[in-house]
There are 2 protein chains.
Amino acid sequence: MQTPGDFVREQVTSVRSTVDRVADSVADASGVSAVSSSVGDFIREQRNAARVSLRELARTAGVSNPYLSQVERGLRKPSAEILASIARGLKISAETLYERAGILDRRSGNPDTVAAIRSDDALSERHKAVLLELYETYVREHRASSPAAS
Amino acid sequence: MQTPGDFVREQVTSVRSTVDRVADSVADASGVSAVSSSVGDFIREQRNAARVSLRELARTAGVSNPYLSQVERGLRKPSAEILASIARGLKISAETLYERAGILDRRSGNPDTVAAIRSDDALSERHKAVLLELYETYVREHRASSPAAS
DNA sequence: CCCGGGTGCTAGCTCCTGCAAGCGGAGCGG
DNA sequence: CCGCTCCGCTTGCAGGAGCTAGCACCCGGG
């Protein structure tokens, strides 16, 4: 029989490829300190953190590369549809970009993520354990890369 | 120019119409009949439910009345900014309109957990993406194994 | 040396959003 | 009947979104 700990490890391993990429961008993110004021800056930051060229992001997002260039530099104000496409290309949530673009107000404060996961009855206990394990790992990484917190 | 009395009356009317609409939608909730396909239909429904004229909504939303007319009839595709203004004028959440407009796909699962992860600033965007992806996978698995959950 | 392919950016165009102006119709007081 | 105000809609236009084509630059290989 498998212990819960083993199961957690197995799950984490199963998403390793994705995590590896994330680890890369986190390692990169240590140098990223500038607070982006506009959406474009934020997009460019995320793109650079992901080590993706402008043209490649344009391709995966289904946008023309000149237009993406102009958006990143703040020369054009992309529509929500384009923002959603870019978010998809960057593998981040559309809400985040909308928020940066000022078309979506920030959601309620800072709820406890751990509590939310623990009390979520759409998850089995084992899945909760996986998510919590991964979550705490990420938080540790984040703290290590941005000591400015607290 | 507007007298203070008019202003008060306007506010009272606004509140009352909101209450009316809530009551309506509650009564409606028993059987959702009118499913609006486009955003415009939904806006018009909400406006009619609020007993507000097109011109008045246009005024409170800060949009021109001809344009609002065209939006409601599906002749124009409003930008997210305009949608946000209209949502404000209708006193409904922007997310709802975005969802109707197809520029925001509401994720599956417990919205509280999703919101918690999204608004957790101890996580990078890419970490959020990983956690959300994993979370959704788990929720789907859970639903598949226990279809009894409503 | 030059060529192919990569990077990001500029020029010019088309299409459509969003607005101001104006239309006909409905209700209401004189 | 006329004049006024509201309703929603149509028209024509300015401006910007988003694209295609092409620019300059850099790098590795023939």
Side-chain angles (χ1 to χ4, degrees), chain A residues 24-25 28 32 34 36 38-90 94 97-98 100-104, chain B residues 1-3 5-7 9-10 13-14 17 36 38-90 94 97-98 100-104:
Chain A
D24 263 359
S25 58
D28 217 31
V32 178
S36 59
S38 70
V39 213
D41 291 333
F42 180 71
I43 293 174
R44 180 155 290 191
E45 276 175 24
Q46 293 294 314
R47 182 173 63 79
N48 287 333
R51 319 236 177 168
V52 173
S53 77
L54 189 149
R55 284 180 130 96
E56 187 170 342
L57 174 57
R59 218 178 308 121
T60 58
V63 201
S64 74
N65 61 85
Y67 186 58
L68 179 57
S69 167
Q70 291 170 318
V71 165
E72 286 191 351
R73 286 176 300 142
L75 301 182
R76 298 299 168 109
K77 185 185 139 197
S79 73
E81 195 172 349
I82 295 289
L83 280 180
S85 298
I86 294 176
R88 221 173 298 122
L90 280 174
L97 278 192
Y98 291 171
R100 291 283 180 151
I103 60 177
L104 244 192
Chain B
M1 198 46 188
Q2 199 183 39
T3 71
D6 284 339
F7 177 74
R9 187 171 327 180
E10 185 181 298
T13 303
S14 158
S17 61
S36 60
S38 70
V39 212
D41 291 333
F42 179 70
I43 293 174
R44 179 155 290 191
E45 276 173 24
Q46 293 295 311
R47 182 174 63 79
N48 287 334
R51 320 257 168 106
V52 173
S53 76
L54 188 148
R55 284 179 129 93
E56 186 171 344
L57 174 57
R59 218 178 310 120
T60 59
V63 204
S64 75
N65 63 82
Y67 185 58
L68 180 57
S69 167
Q70 291 169 319
V71 165
E72 285 191 350
R73 285 176 300 142
L75 302 182
R76 298 297 170 96
K77 184 187 138 196
S79 72
E81 195 172 348
I82 295 290
L83 280 180
S85 299
I86 294 176
R88 221 172 297 125
L90 279 174
L97 278 191
Y98 290 171
R100 291 283 181 151
I103 61 177
L104 244 192

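Because the structure is predicted, anything quoted here is derived from the model rather than measured. Excluded from the calculations below are hydrogen atoms, water molecules and symmetry mates; all remaining heavy atoms, backbone and side chain alike, are included. Naming: A, B, ... by sequence-line order, numbering from 1 per chain.
What separates CZ of A:Arg73 from P of D:dG18 is a distance of 16 Å, to the nearest Å. Spacing between atom NZ of B:Lys77 and atom P of D:dA17 amounts to 13 Å, rounded to whole angstrom units. Taking atom CZ on B:Arg47 and atom C1' on D:dC9, their separation rounds to 12 Å, with Å as the unit. Summarising the geometry, the separation between CD on B:Glu81 and C1' on C:dC19 is reported as 14 Å, rounded to the nearest angstrom. Taking atom CZ of residue B:Arg55 and atom P of nucleotide D:dT10, one finds them 13 Å apart after rounding to whole Å. Residue A:Gln70 contributes atom CD, which lies 11 Å from atom C1' of D:dG16 at whole-angstrom precision. Atom CD of A:Glu72 is separated from atom C1' of C:dT7 by 13 Å (rounded to the nearest Å). Atom-to-atom, CZ of B:Arg51 to C1' of D:dC6 comes out at 19 Å; the value is rounded to the nearest Å.
In terms of phosphate contacts, B:Ser53 brings a side-chain nitrogen or oxygen within less than 4.0 Å of OP1 or OP2 of D:dC7. A:Ser69 has a side-chain polar atom (N or O) that falls below the 4.0 Å cut-off from OP1 or OP2 of C:dC9.
Comparing C:dG18, C:dG8, D:dC9 by their closest approach to the side chain of B:Ser79 singles out C:dG18. Nearest to the side-chain atoms of B:Leu54 among the listed nucleotides D:dC9, D:dT20, D:dA17 stands D:dC9. Side-chain proximity of A:Ile82 to the nucleotides D:dG18, D:dC9, D:dG8 is greatest for D:dG18.
No N or O donor and acceptor, one from the side chain of A:Arg76 and one from the base of D:dG16, sit under 3.5 Å apart. You won't find any donor-acceptor pair under 3.5 Å spanning the side chain of B:Asn65 and the base of D:dC7, going by distance alone.
The closest donor-acceptor contact from the side chain of A:Arg47 to the backbone of A:Val52 lies under 3.5 Å.
In terms of position on DNA chain D, the residue among B:Tyr67 and A:Pro78 whose nearest nucleotide sits closer to the 5' end is B:Tyr67.
Closest approach of A:Ala84 to A:Tyr98, counting heavy atoms only: CB-OH, 3.6 Å.
Rounding to the nearest 0.5 Å places CD1 of A:Ile103 at 8.5 Å from CG of B:Leu104. The OH atom of B:Tyr67 sits 10.5 Å away from the CG atom of B:Leu75 when rounded to the nearest 0.5 Å.
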Just list the side-chain donor-acceptor pairs under 3.5 Å for residues 54-61 of chain A, sequence neighbours left out, or say none.
{"from": "A:Thr60", "atom 1": "OG1", "to": "A:Glu56", "atom 2": "O", "distance (Å)": "3.3"}
{"from": "A:Thr60", "atom 1": "OG1", "to": "A:Leu57", "atom 2": "O", "distance (Å)": "3.0"}

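Across all strands, A:Val63 comes closer than 4.0 Å only to sugar-phosphate atoms, never to a base (heavy-atom distances). Residue contacts for A:Ser64: at a heavy-atom cut-off of 4.0 Å it reaches a base atom on one of the strands shown.
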